[in-house]
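These notes are about the structure you will find just below.
Quick note: numbers below take in every heavy atom, side chains included, and nothing from hydrogens, waters or symmetry partners. All values derive from a computational prediction rather than experimental measurement. In what follows, chains are A, B, ... by sequence order, proteins preceding strands, each numbered from 1.
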There are 2 protein chains.
Amino acid sequence: MGITSHDVARLAGVSQPTVSRALRDDPRVSMATREKVKRAAQALNYVPSEAGRTLSTRATRRVGVIVTDLTNPFYPHVIAPLHDELSSLGYRMMLITERSDEAVAEEKLLDQSMDGVVLATATTDSRLPAQLERRGMPYVFLNRDTGRAGDFASVVDNEGGGRLVARELVALGHRRIAGVFGAANTTTGREREMGFRLALAEAGVGLPEDRVVRGAFEYDTGYRALPVLLDAAEAPTAVFCGNDVVAIGVLNAALAAGVKVPDDLTVIGFDDLPMAAWEVFRLTTVRHDLQELSRQAARLLVRRIAKEVDPAGERLVLPTEFVPRATHAHAR
Amino acid sequence: MGITSHDVARLAGVSQPTVSRALRDDPRVSMATREKVKRAAQALNYVPSEAGRTLSTRATRRVGVIVTDLTNPFYPHVIAPLHDELSSLGYRMMLITERSDEAVAEEKLLDQSMDGVVLATATTDSRLPAQLERRGMPYVFLNRDTGRAGDFASVVDNEGGGRLVARELVALGHRRIAGVFGAANTTTGREREMGFRLALAEAGVGLPEDRVVRGAFEYDTGYRALPVLLDAAEAPTAVFCGNDVVAIGVLNAALAAGVKVPDDLTVIGFDDLPMAAWEVFRLTTVRHDLQELSRQAARLLVRRIAKEVDPAGERLVLPTEFVPRATHAHAR
DNA sequence: TCATGGAATACATACGTATTCACAAGTGAA
DNA sequence: TTCACTTGTGAATACGTATGTATTCCATGA
């Protein structure tokens with residue numbers, strides 16, 4: 001069935017090691033032999049076996065990417081550039097979408113079937129990083145990290161982004177403000193909330209608990225949050241959402257409830273997904289470079305695999321920018 | 001670094017082959033030894049090396065999934081259930097997103113690094129299937145196929161779906177009808193168009209070329225198609241779109257152009273993505289079971305890998321259903 | 001007592017590549 | 001002519017697991 005380097009060697013009239021060297025352009029093999037071997041390989045349609053190479057070199061040129069929910073519109077925009085960057089660095093991508101840490105770690109990550117791992121949906125209480133650490137498996141965080149020192153992570157200036165939004169809302173005259181923040185066990189959720197709260201506090205604007213909702217970064221979180229917020233003692237005139245997907249949930253709920261955006265309610269997102277620019281939304285949001293975020297993570301992981309990395313950890317932080325569109329207005 | 005079965009063998013006081021057999025519960029190993037080995041493996045945190053196993057068994061328990069554009073909202077809804085079904089069948093997923101066939105085939109698919117391939121974005125003119133065939137690499141089509149006999153494919157009754165839409169539009173009194181169909185080199189594009197055209201013809205309704213646009217199954221295709229269609233000699237009162245993503249492009253373009261849906265224009269999609277049900281769209285569309293489509297493909301591939309498959313090809317076709325929401329109305 | 005057969009385990013080896021080391025042939029200098 | 005050195009290639013082996021075959025041990029029956 002499979003053609004091996006031995007078959008090529010036989011046809012070319014050389015030894016198997018020479019085939020191995022010739023095809024990788026090892027300078028120790030003479031030009032003449034190299035050509036001869038390559039012609040033989042070509043003739044046989046030889047493709048080196050990945051398994052054999054892996055066993056011999058102890059490198060798989062494969063990287064795992066862990067994501068909880070792929071159908072969340074956010075992740076494809078992370079995974080696509082991640083794939084492309086990894087690919088151009090000579091690595092392939094194994095996609096792993098799992099709910100629970102444990103099974104993944106034992107079965108799939110520790111059997112030496114990949115050289116490293118990208119954690120795209122880490123929570124601060126996950127035990128996975130520690131397990132990877134213990135096994136010496138290189139890994140990096142993408143978008144979210146643990147918030148602890150020593151992480152290798154490609155992240156966004158979430159706190160700065162939260163501040164940006166708070167200042168804009170205050171400048172627009174909003175005082176009854178609400179937040180639909182991300183889950184408390186994610187750094188993205190916590191940091192955006194933190195920056196937002198700090199900047200509000202600096203401006204002397206309060207954020208009472210009945211105008212705060214927290215939940216997963218999902219459509220439903222936003223969709224279900226709006227009615228709750230409208231029920232608050234003092235209904236908000238503006239809502240800052242943990243990310244665009246949540247904001248889109250809020251916008252849809254607003255439409256269902258007959259709440260006019262931005263006249264009755266200002267809605268702000270975070271991420272600036274392509275979808276946010278769609279006519280039906282024209283969502284005012286906070287932009288960061290999602291592609292670069294992913295590419296950076298890929299490069300960081302590859303450097304970590306090569307051990308060309310600061311042992312004390314590296315945290316690459318991308319800046320944010322306020323993107324005004326059509327879902328914000330002055331407070332009435 | 002890595003713990004091997006030899007280490008376990010030494011600790012347990014048995015030979016390496018006995019470790020291999022004991023851990024896989026080979027009945028030839030006595031209960032007592034099995035327990036002893038398992039305790040030793042546990043103590044050393046032993047995880048069998050994937051590469052060694054692959055080399056020895058010639059099976060990788062890995063499957064490749066090829067998709068062109070992951071950021072297209074359609075694909076995540078295919079890939080997520082595909083991943084889960086493959087996972088429950090004991091296979092892992094390698095994600096490959098490439099534009100051009102050739103490089104992929106040579107480098108990544110034929111090096112024995114996976115047991116099979118799912119083609120999710122095949123075009124009718126792709127040379128990839130033939131290459132896979134020649135190498136004896138098992139593969140199945142998902143959603144799209146080549147339309148030729150002998151395919152192994154999990155697909156939707158596209159023609160039937162197209163017919164459903166045509167009949168509904170005609171019943172609603174529409175006579176000036178338009179189509180934004182998928183690319184001509186995809187079976188999904190062709191078959192939906194074919195069914196639609198046939199049913200229109202049966203009803204004596206024409207579909208002139210200036211009310212037809214074809215393009216990739218992308219948002220932009222729909223967004224850019226609407227102005228073109230509105231420029232037709234007789235502007236349409238209804239548009240059938242190749243899929244939901246295209247329809248959503250049309251809906252956004254309609255909003256931008258001030259065209260009221262459904263009063264001025266009826267818009268129909270295909271797929272019934274979760275997004276289609278969002279309040280901002282409430283898209284009337286054609287539903288099929290996207291999850292089952294993916295699961296079926298996974299199971300079919302696994303059967304093909306195990307050679308438990310009809311050598312003449314197997315084409316699993318899922319039914320469609322019309323889903324009336326809020327983007328259709330009677331013709332004025 | 002010894003051959004027979006079954007159970008349990010060990011030995012040897014295959015899988016395909018890459019690498020270390022040894023070796024042969026050729027080159028140039030002393 | 002000999003020696004040191006370079007260049008090019010092959011032999012042997014490592015990588016970690018699984019499997020076909022041989023071996024050992026023990027119980028059984030004549």
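A straight line from CD of A:Glu35 to C1' of D:dG8 spans 16 Å, rounded to a whole angstrom. Note: NE2 (A:His6) to C1' (D:dG10) measures 12 Å, nearest angstrom.
Note on A:Val29: only backbone sugar-phosphate atoms sit closer than 4.0 angstrom, heavy atoms only; bases stay farther off. Looking at heavy-atom distances under 4.0 Å, B:Thr54 makes no contact with the nucleic acid at all. Residue A:Val14 is classed as a sugar-phosphate contact, given heavy-atom separations below 4.0 Å to backbone atoms only. Counting any heavy atom pair closer than 4.0 Å across all strands shown, A:Glu50 reaches no nucleic acid atom.
Taking 4.0 angstrom as the limit, B:Thr18 places a side-chain polar atom (N or O) nearer than this to OP1 or OP2 of C:dA10. Between B:Ser56 and C:dC15 there is no side-chain N or O to OP1 or OP2 distance below 4.0 Å. At D:dG8, none of the side-chain N or O atoms of A:Thr33 fall inside 4.0 Å of OP1 or OP2 (strictly under the cut-off). The side chain of A:Arg24 contributes an N or O atom lying less than 4.0 Å from OP1 or OP2 of C:dT19. Of the side-chain N and O atoms in B:Ser30, none sit less than 4.0 angstrom from OP1 or OP2 of C:dA7. In this model, the phosphate group of C:dC11 is not approached by any side-chain N or O of B:Ser15 to a distance below 4.0 Å at OP1 or OP2.
Checking B:Arg24 against B:Ser20 by side-chain atom types alone, a donor-acceptor pair falls below 3.5 Å. Between the side chains of B:Arg295 and B:Gln291, at least one donor-acceptor pair of N or O atoms lies under 3.5 Å. If you check the side chains of B:His77 and A:Thr71, you find no donor sitting under 3.5 Å from an acceptor. In the model, A:Gln296 has a side-chain atom that pairs as donor or acceptor with a side-chain atom of A:Ser154 under 3.5 Å.
Cation-pi contact between B:Arg304 and B:Tyr139: present, with separation from the ring centre below 6.0 Å and deviation from the ring axis of at most 45°.
Under 3.5 Å, the side chain of A:Arg21 and the base of C:dT20 form at least one donor-acceptor pair of N or O atoms. Counting atom types as modelled, B:Gln16 pairs a side-chain N or O with a base atom of D:dA18 as donor and acceptor under 3.5 Å. Taking only distance into account, the side chain of B:Arg28 never meets the base of D:dG20 through a donor-acceptor pair shorter than 3.5 Å. Looking at B:Arg58, its side chain has no donor and acceptor atom pair within 3.5 Å of the base of C:dG16.
Comparing D:dA18, C:dA18, D:dG10 by their nearest atom to the side chain of B:Ser20 picks out D:dA18.
Comparing A:Pro17 and B:Pro48, the nucleotide of DNA chain D nearest to each residue sits closer to the 5' end for A:Pro17.
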